[in-house]
A.B. asks: 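Pasting a structure here, questions to come.
Atoms within each ligand, like the ligands themselves, are counted from 1 in listed order. Everything numeric in this text was worked out from a predicted model, so none of it was measured.
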Amino acid sequence: MPLTCRGRVRGQEPSRGDVDDALGKFSLTLIDSLDTLVVLNKTKEFEDAVRKVLRDVNLDNDVVVSVFETNIRVLGGLLGGHSLAIMLKEKGEHMQWYNDELLQMAKQLGYKLLPAFNTTSGLPYPRINLKFGIRKPEARTGTETDTCTACAGTLILEFAALSRFTGATIFEEYARKALDFLWEKRQRSSNLVGVTINIHTGDWVRKDSGVGAGIDSYYEYLLKAYVLLGDDSFLERFNTHYDAIMRYISQPPLLLDVHIHKPMLNARTWMDALLAFFPGLQVLKGDIRPAIETHEMLYQVIKKHNFLPEAFTTDFRVHWAQHPLRPEFAESTYFLYKATGDPYYLEVGKTLIENLNKYARVPCGFAAMKDVRTGSHEDRMDSFFLAEMFKYLYLLFADKEDIIFDIEDYIFTTEAHLLPLWLSTTNQSISKKNTTSEYTELDDSNFDWTCPNTQILFPNDPLYAQSIREPLKNVVDKSCPRGIIRVEESFRSGAKPPLRARDFMATNPEHLEILKKMGVSLIHLKDGRVQLVQHAIQAASSIDAEDGLRFMQEMIELSSQQQKEQQLPPRAVQIVSHPFFGRVVLTAGPAQFGLDLSKHKETRGFVASSKPYNGCSELTNPEAVMGKIALIQRGQCMFAEKARNIQNAGAIGGIVIDDNEGSSSDTAPLFQMAGDGKDTDDIKIPMLFLFSKEGSIILDAIREYEEVEVLLSDKAKDRDPEMENEEQPSSENDSQNQSAEQISSSSQEVDLVDQESSEENSLNSHPESLSPADMDNAASISPSEQTSNPTENHETTNLNGECTDLDNQLQEQSETEEDSNPNVSWGKKVQPIDSILADWNEDIEAFEMMEKDEL
Ligand code: DMJ
């Protein structure tokens, strides 16, 4: 937990749901990063870490964990550690005391996972209790019926390595059996697999198919199992699936999910971040061209948002805004550099590292992005960050002599753990299933570009990779060629679409025909709602495409009007004083009154607690809050009343901190502070809300550093690394002067947006002073509770229009604005507000989709 600087212990923090299934009180990060230490030539630290694991780690905890995560992170981590421990021991300098202890631990863990395979199909249960196994009452697991394909199909490398290292064949046998079953169950005409499968019947539960979440590493393990175990049947299966993927899912540069039974039908209009591993796998297969194309497309998305959002639409807009520092793109960058030797990929790696240092680095590590658009952080640094991201980025830049062993002698597991290739010839007693009879010979196209190497493929054309990338350079910008200006112009000209949004009915076949002509497609969501997406390119003519755009614009406006109250996007509180220097960014709820931070410059000032702390009466310490940002506790009176009291005392802004102890934006939905039902125009200062956990980060900082300065804004501002180097807290005098300046600068209007467009947002609103129980009710107005009549369908409307001409103009305009702060050269990049609002509109959809828990 890099913001609060402590480890995340299962049960001691509010549950995050399935994400926590990776945590088994077994020192996950320590184990997952063992072999990274050796790659980074930290042999002394590796030796210490191994001793700590052997001394402290207990695998016998009464915790229900994910079989998949425990396998790839913990079993893989122990085996990777063992592989490099014996390598070091053999070299004769380090680890001389080592006597296969990590391997013994791995074996113990392997036996703990085996009860999960006690199904007739041989597919493992998704979860197991480390102490009690499965199905016993005390195990609290074993009633599940479904698992994901990747969960059941990503075991063979670790299990086979365990068998071959120890001679206990049972592990490899179980993993092979699960893979055999999945292969049997592939959809026979498309040769694709679905996302989830019933572990008892083998029926596909989710019949959509892609290369990202839920399936990804199943394909990876088929190819790598062939590499590690030398078993042709794995290659044959991989090639059969690969042929299907390239036939149906690959639409270069995109990779789009389809239905296994109707593979010509797209299952969704967005892609998830996990598929970023696929170009790396294509390199391993030797299919370089599509790998370069998809990688370049992903890079364009990253350049737009600094990180790859968890999901993004086919027109490259944010679909799910989080980014938990996933390593897949770095992994593919490494493999593409290995294959092409093109220095372009070093530049890509440099950008990744710069962005990590600039936006994710916090005092105790690297914090995940809660939202790539605001730059706000989450108190989370998953173990794969050290296991994979560090390793791949280091390896990308490392020369052969920087690594103390030959990395080519190892294969990377999906968690980037290293397993030695010599295992292929060790303890091969497992009977191999002969699948050749089931294998349909593929035509030669499947083997185009197979086994690439820079000597054979690129000797005469060093610009080969560049020539493939070039047409994709502007793919993200080009995807939205029509600007809002054009739409507005056409509205002004009075042109109307042939079908008015208010008349549209999803059940009317004539309407559907008109939509199709306009390039608008209709996606039926499982919960009964429909989603509209326009691709101008699919329209019958350019005039139809324009009509389609007008129709979509009408839909969005209609949807906005239907929102009963104005909805605002989240805001950011950024701690800018020593030693944070802008590195900690907290997600904050907005207020429906006071200064609107999306229309005005950010407000910056030192914080001071108000007295009384609840801010419900005239402040008794006006001198302390004068010119500062007042901290007030939630509760006992209306938010607006608190705002008036601190404003009267001279505060330049206010942060309301939740009184509900332990609450956090990690686990509770953010809301906006509503007014008091009266006119709130008299409130001029900005007000933001922090849950208790985020608020306590500021309160702790005050306790430690006394002077704490924050920035209230709609999006975190770039920090200036030079200021950090000075390592000096801003002087109090500076802050006082500054505060006075801020009062005037904070009200300076940038005026980037009109009133109407600011309504296209999400979030629920809270009145104030609800009891925790009331609060829960108010916060649980989830999108799923909205009825799905044709008009409400509009809320899921997508519109191509994020990167518009207008946006560009606004961007230029805002870039000429002078930064008002004399001390810090905060980034002058101001994201056009229309684009932010369009993003938030996407967030509504994302939120709705998240209920399906698809990642
Ligand atoms: C890693 O734990 C593994 O790579 C897994 O296969 C899927 N992705 C996560 C990190 O994003």
A.B. asks: Once you measure the plane-to-plane angle for Phe159 and Phe117, does it fall in the parallel (<30°), tilted (30-60°) or perpendicular (>60°) bin?
C.D. replies: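 Judged by the thresholds at 30° and 60°, the geometry between Phe159 and Phe117 is tilted.
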A.B. asks: With no hydrogens and no angle check, do the side chains of Glu158 and Tyr221 hold a donor and an acceptor under 3.5 Å apart?
C.D. replies: yes
A.B. asks: Going by the angle between their ring planes, with limits at 30° and 60°, are Tyr345 and His295 parallel, tilted or perpendicular?
C.D. replies: perpendicular
A.B. asks: Geometry only, no angles: is Thr414 polar-contacting ligand 1 at N/O separations under 3.5 Å?
C.D. replies: yes
A.B. asks: Pick one of side chain, backbone, both or neither for how Glu220 approaches ligand 1, counting any non-hydrogen atom pair under 4.0 Å.
C.D. replies: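 The answer is neither; Glu220 stays 4.0 Å or more away.
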A.B. asks: Among protein heavy atoms, which lies nearest atom 2 (O) of ligand 1, and at what distance?
C.D. replies: Glu415 OE1, 2.6 Å
A.B. asks: Check if Glu331 has a non-hydrogen atom at a distance under 4.0 Å from any atom of ligand 1.
C.D. replies: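 Not so, Glu331 does not reach ligand 1.
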A.B. asks: Closer than 4.0 Å to some heavy atom of Glu328 - which atoms of ligand 1 meet that?
C.D. replies: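 Per the distance check, 4 (O), 7 (C), 8 (N), 9 (C), 10 (C), 11 (O).
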A.B. asks: Considering only heavy atoms of Phe384, which atoms of ligand 1 have at least one such atom less than 4.0 Å away?
C.D. replies: 2 (O), 10 (C)
A.B. asks: Short list, please: which atoms of ligand 1 are under 4.0 Å from a heavy atom of Ile72?
C.D. replies: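 Reading through ligand 1 atom by atom, the close ones are 2 (O), 3 (C), 5 (C).
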A.B. asks: Would you check the N or O atoms of Asp216, main chain and side chain alike, for any that come under 3.5 Å of an N or O of ligand 1?
C.D. replies: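 No, no N or O pair falls under 3.5 Å.
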A.B. asks: Which of the atoms in ligand 1, numbered in the order shown and given with their element, are less than 4.0 Å from a heavy-atom of Pro327?
C.D. replies: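 Once the distances to Pro327 are compared, the set is 10 (C), 11 (O).
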A.B. asks: For Tyr242 and Gln282, what are the C-alpha separation, side-chain angles and deciding distance, and is it a side-chain hydrogen bond (donor to acceptor under 3.5 Å, both in side chains)?
C.D. replies: CA-CA 9 Å; Tyr242 189 76; Gln282 289 181 306; 3.1 Å; yes
A.B. asks: Would you compute the distance between atom CD of Glu331 and atom CG of Leu336 and round it to the nearest 0.5 angstrom?
C.D. replies: 11.0 Å
A.B. asks: Hey, which atoms in ligand 1 end up nearer than 4.0 Å to a heavy atom of Leu274?
C.D. replies: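 The list of qualifying atoms is 7 (C), 8 (N), 11 (O).
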A.B. asks: Evaluate the side-chain hydrogen bond (donor to acceptor under 3.5 Å, both in side chains) criterion for residues Glu347 and Tyr299: first the C-alpha distance (whole Å), next the side-chain angles of each, then the deciding distance (0.1 Å), finally the verdict.
C.D. replies: CA-CA 11 Å; Glu347 290 298 323; Tyr299 187 44; over 6 Å; no
A.B. asks: When rounded to the nearest 0.5 angstrom, what distance separates CG in Leu23 from CD in Glu13?
C.D. replies: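 Taking CG in Leu23 and CD in Glu13, the distance rounds to 10.0 Å.
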